[in-house]
Amino acid sequence: MRQIIKNLVGICAQILPCEEPIYEFGSYQVEGQVGFADLRPYFPGKTYVGCDMRPGTGVDLILDLHQIALPDETAGMVLSLDTLEHVEDPRLALTEIHRILKPNGIVIISSVMNFGIHDYPADYWRFTPEGFASILKPFDTVITDYAGEALFPHTVVGIGIKGSAVPEPVVAQLRHALAMWRENSYHQH
């Protein structure tokens with residue numbers, strides 16, 4: 001978990017409606033990240049389920065993003081932060097996330113771009129904002145952004161909203177907050 005991503009989660013938690021339950025995919029807190037990588041404090045009083053492919057700190061359920069063992073339309077929000085580069089089929093993962101999200105559910109994704117290979121347990125991909133827009137196509141509202149150099153950002157983020165319950169003024173507020181996040185995150189990794 002990087003501070004820049006925690007900042008993103010803080011912005012989204014403040015602006016977006018956070019329907020329960022909230023599922024985080026990629027919640028395993030690797031050595032050196034225990035406690036720091038816990039995003040539960042951003043969603044006080046909400047049902048929060050940490051999911052990963054392996055047991056460990058921060059993991060409540062073992063789930064596979066390629067075939068999420070949850071019923072349709074059961075998640076209010078899904079977080080997949082700096083995880084999709086480790087997923088062999090990210091398009092399938094987003095299709096599964098869309099399936100489990102309730103009507104008007106929200107997904108927040110992030111990934112590194114200008115970053116070294118890091119196996120947790122494997123490292124498959126790097127995404128551009130356009131790449132995130134492509135895998136978020138099933139969603140009714142798609143917002144992508146980046147931090148760092150415009151032509152070679154260190155971080156790429158995406159938000160997908162299923163349905164139309166988030167009013168346009170809230171979406172505009174989020175876009176503005178993301179622009180400030182990008183400006184303030186230029187050199188952060």
Side-chain angles (χ1 to χ4, degrees), residues 1-18 22-27 37 39 42 65-66 75 77-101 104-120 122-189:
M1 180 65 57
R2 300 175 292 143
Q3 185 62 51
I4 188 174
I5 300 305
K6 290 179 75 166
N7 296 347
L8 170 73
V9 171
I11 289 166
C12 292
Q14 288 177 347
I15 295 173
L16 291 171
C18 300
I22 299 162
Y23 286 87
E24 177 189 359
F25 288 89
S27 65
L39 300 175
Y42 290 97
L65 273 168
H66 293 111
M77 178 177 273
V78 170
L79 308 173
S80 182
L81 306 166
D82 290 1
T83 298
L84 289 172
E85 68 266 22
H86 305 289
V87 175
E88 193 167 354
D89 190 341
R91 188 171 301 281
L92 176 59
L94 265 295
T95 299
E96 278 290 283
I97 289 170
H98 187 272
R99 179 188 64 77
I100 68 164
L101 277 170
N104 303 312
I106 298 170
V107 63
I108 302 166
I109 60 177
S110 70
S111 187
V112 296
M113 185 173 178
N114 182 1
F115 198 84
I117 294 172
H118 53 292
D119 294 336
Y120 291 118
D123 189 349
Y124 298 103
W125 310 105
R126 294 296 179 265
F127 298 93
T128 63
E130 292 81 9
F132 267 8
S134 177
I135 64 173
L136 287 167
K137 279 183 182 176
F139 293 86
D140 299 288
T141 301
V142 173
I143 300 166
T144 61
D145 214 325
Y146 67 91
E149 296 285 337
L151 295 178
F152 197 21
H154 54 73
T155 302
V156 177
V157 299
I159 299 164
I161 302 171
K162 182 178 180 178
S164 58
V166 178
E168 184 52 42
V170 174
V171 172
Q173 180 185 6
L174 179 61
R175 289 182 192 276
H176 175 74
L178 286 174
M180 298 304 298
W181 167 86
R182 181 182 346 110
E183 185 66 30
N184 292 329
S185 302
Y186 186 79
H187 294 292
Q188 290 183 9
H189 288 262

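Everything numeric in this text was worked out from a predicted model, so none of it was measured.
- In this structure, Pro17 and Ile106 have side chains that are in contact, with non-hydrogen atoms separated by less than 4.5 Å.
- Annotation: side chain of Leu94 is in contact with side chain of Leu84 (closest heavy-atom distance under 4.5 Å).
- Partners of Phe132 according to the ring-ring contact (aromatic ring centres under 6.0 Å, His included) rule, which considers only residues two or more places apart in sequence or in another chain, are Phe127.
- Residues satisfying the ring-ring contact (aromatic ring centres under 6.0 Å, His included) test with Phe139, not counting sequence neighbours, are His98.
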Worksheet entry | side chain to side chain contact (heavy atoms under 4.5 Å, CB included) between Asn114 and Glu149, intermediate numbers included | CA-CA 9 Å; Asn114 182 1; Glu149 296 285 337; over 6 Å; no

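- The side chain to side chain donor-acceptor pair (under 3.5 Å) test applied to His176 returns no partner, not counting sequence neighbours.
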Practice prompt. Given side chain to side chain contact (heavy atoms under 4.5 Å, CB included), test Leu174 with Ile143 step by step and report yes or no.
Written response: CA-CA 9 Å; Leu174 179 61; Ile143 300 166; 3.7 Å; yes

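- By the 4.5 Å heavy-atom criterion applied to side chains, Ile159 and Leu178 are counted as neighbours.
- To the nearest 0.5 Å, atom NZ of residue Lys162 and atom CD1 of residue Ile100 are 9.0 Å apart.
- In terms of the side chain to side chain donor-acceptor pair (under 3.5 Å) criterion, residue partners of Ser134 (sequence neighbours excluded) are, by chain and number, Arg91.
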Practice prompt. Check step by step if side chain to side chain contact (heavy atoms under 4.5 Å, CB included) holds for Ser185 and Thr155.
Written response: CA-CA 9 Å; Ser185 302; Thr155 302; over 6 Å; no

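- Of all non-hydrogen atoms in Leu39 and Lys6, the two that sit nearest each other are CD2-CG, 4.0 Å.
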Practice prompt. Kindly determine whether Asp123 and His86 satisfy side chain to side chain contact (heavy atoms under 4.5 Å, CB included), including the steps that lead there.
Written response: CA-CA 5 Å; Asp123 189 349; His86 305 289; 4.3 Å; yes

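- Checked against side chain to side chain contact (heavy atoms under 4.5 Å, CB included), Pro167 has the following partners two or more places apart in sequence or in another chain: Pro169, Val170.
- By the side chain to side chain donor-acceptor pair (under 3.5 Å) test, Arg99 pairs with Asp72, Glu96, sequence neighbours left out.
- Side chain of Thr83 to main chain of Leu81: a donor-acceptor pair is present (N/O by atom type, distance under 3.5 Å, no hydrogens or angles).
- Trp125 is listed as a side-chain neighbour of Pro90, based on a closest heavy-atom distance under 4.5 Å.
- In this structure, the side chain to side chain contact (heavy atoms under 4.5 Å, CB included) partners of Glu130, at least two apart in sequence or on a different chain, are Thr128.
- Between the CD1 atom of Ile135 and the OG atom of Ser111 there is a distance of 8.5 Å, given to the nearest 0.5 Å.
- Judged by distance alone, the side chain of Asp145 and the main-chain N or O of Gly158 form no donor-acceptor pair under 3.5 Å.
- Of all heavy-atom pairs between Glu85 and Val112, the closest is OE2-CG2, 3.8 Å.
- Evaluation of the side chain to side chain donor-acceptor pair (under 3.5 Å) rule for Asp82 yields Arg2, Ser110 as partners, not counting sequence neighbours.
- Taking 4.5 Å as the limit, every side-chain heavy atom of Ile108 sits out of range of all side-chain heavy atoms of Val9.
- A donor-acceptor contact shorter than 3.5 Å is absent between the side chain of Trp181 and the backbone of Ala147.
- With sequence neighbours excluded, the residues forming a side chain to side chain contact (heavy atoms under 4.5 Å, CB included) with Ala177 are Ile11, Ile15, listed by chain and number.
- Between Val107 and Leu136, some side-chain heavy-atom pair lies under the 4.5 Å cut-off.
- With Val78 as the partner, the side chain to side chain contact (heavy atoms under 4.5 Å, CB included) test is satisfied by one option alone out of Ile22, Leu101, Ile109: Leu101.
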